[in-house]
Amino acid sequence: EAGVTQFPSHSVIEKGQTVTLRCDPISGHDNLYWYRRVMGKEIKFLLHFVKESKQDESGMPNNRFLAERTGGTYSTLKVQPAELEDSGVYFCASSQGFVTYNEQFFGPGTRLTVL
Amino acid sequence: GESVGLHLPTLSVQEGDNSIINCAYSNSASDYFIWYKQESGKGPQFIIDIRSNMDKRQGQRVTVLLNKTVKHLSLQIAATQPGDSAVYFCAVLSYNTDKLIFGTGTRLQVFP
């Protein structure tokens, strides 16, 4: 069974540009999460989808970040316009079911560098 | 808000020795704790978990200890091997939510 996949693995963009990250969760997983790790710091929660609905977006830094999960399958996270402080590794995770706690399986991450 | 802290950013151990990685959390109502291992180029991978109704749980070569009195969590790795080299994160399930609160990570370096 395929794990969580993320695309691209690396992205280097200039300040002011737009970048879209994609996450494909494990098939059948209703829960999808986005996290971010800025260099040397903790992994921080960004938001949580249940199917196509945003369950919790309390970790989204500001309105330059837009996450979508149309159809409840894959998700995209768009940063527009990107700023230097957006650099970091963006992780996606998925889990099944609605009972807390179901193990969250993480993807390999997308390393975003904003110059 | 809730927070999780790790005591050491880096831990160096000799192959075959035991490793202990420590973590502290802030919310006494937290009831689920997880240790993750992150190898270079990969995402965090589940190692072991523990609920607040336990104070110790063992896996294969790993043991997690939970001290709720002082809000402290530790991961013990027995007979550390080169393949254990990675960044280790403790995480707490935020109370009444489904989101994980992570610590900053401890890089474990194993030398021969």
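Linking ILVMFWY side-chain heavy atoms closer than 4.5 Å, directly or via other members, places B:I77 and B:L65 in two distinct hydrophobic clusters. Cluster membership for B:I47 and B:V110, using ILVMFWY side-chain heavy atoms within less than 4.5 angstrom, is shared. Hydrophobic clustering (ILVMFWY, side-chain heavy atoms < 4.5 Å, transitive): B:I20 and B:F33 are in distinct clusters. There is no path of hydrophobic side-chain contacts, each under 4.5 Å, that joins A:L46 to A:V50. Note on B:V13 and B:V64: same hydrophobic cluster, where clusters join Ile, Leu, Val, Met, Phe, Trp and Tyr whose side-chain heavy atoms are under 4.5 Å apart, directly or indirectly.
For the disulfide (SG to SG under 2.5 Å) condition, the pairs that include at least one residue of residues 52-92 of chain A, sequence neighbours left out, are A:C23-A:C92. For residues 41-73 of chain B, the set of pairs meeting the disulfide (SG to SG under 2.5 Å) definition, not counting sequence neighbours, is empty.
Below 4.5 Å, heavy atoms of chain B meet heavy atoms from A:F91, all part of residues 59-91 of chain A. Contacts from residues 105-115 of chain A to chain B, taken as heavy-atom pairs separated by less than 4.5 Å, involve A:F106, A:G107, A:P108 in sequence order.
Contact annotation for B:Q45: neither backbone nor side-chain heavy atoms come within less than 4.5 Å of a heavy atom of chain A. When heavy atoms are compared at a cutoff of 4.5 Å, A:S9 does not approach chain B at all.
Atom CD of A:E42 and atom OG1 of B:T104 lie 7.0 Å apart (nearest 0.5 Å). Put simply, NZ on B:K99 and CD on A:E57 are 11.5 Å apart, with the number rounded to the nearest 0.5 Å. Interatomic distance, CD of A:E103 versus CG of B:D49, reported as 8.0 Å (0.5 Å rounding). If you take CG on B:L100 and OH on A:Y35, they are separated by 3.5 Å, rounding to the nearest 0.5 Å. Within the model, atoms CD of A:Q104 and CD1 of B:I34 stand 7.0 Å from one another, a figure rounded to the nearest 0.5 Å.
Annotation for B:F102 and A:I43: closest pair CB-O, 3.3 Å, computed over non-hydrogen atoms.
Residue-environment remark: NZ (A:K54) exceeds the threshold of 12 foreign heavy atoms within 6.0 Å.
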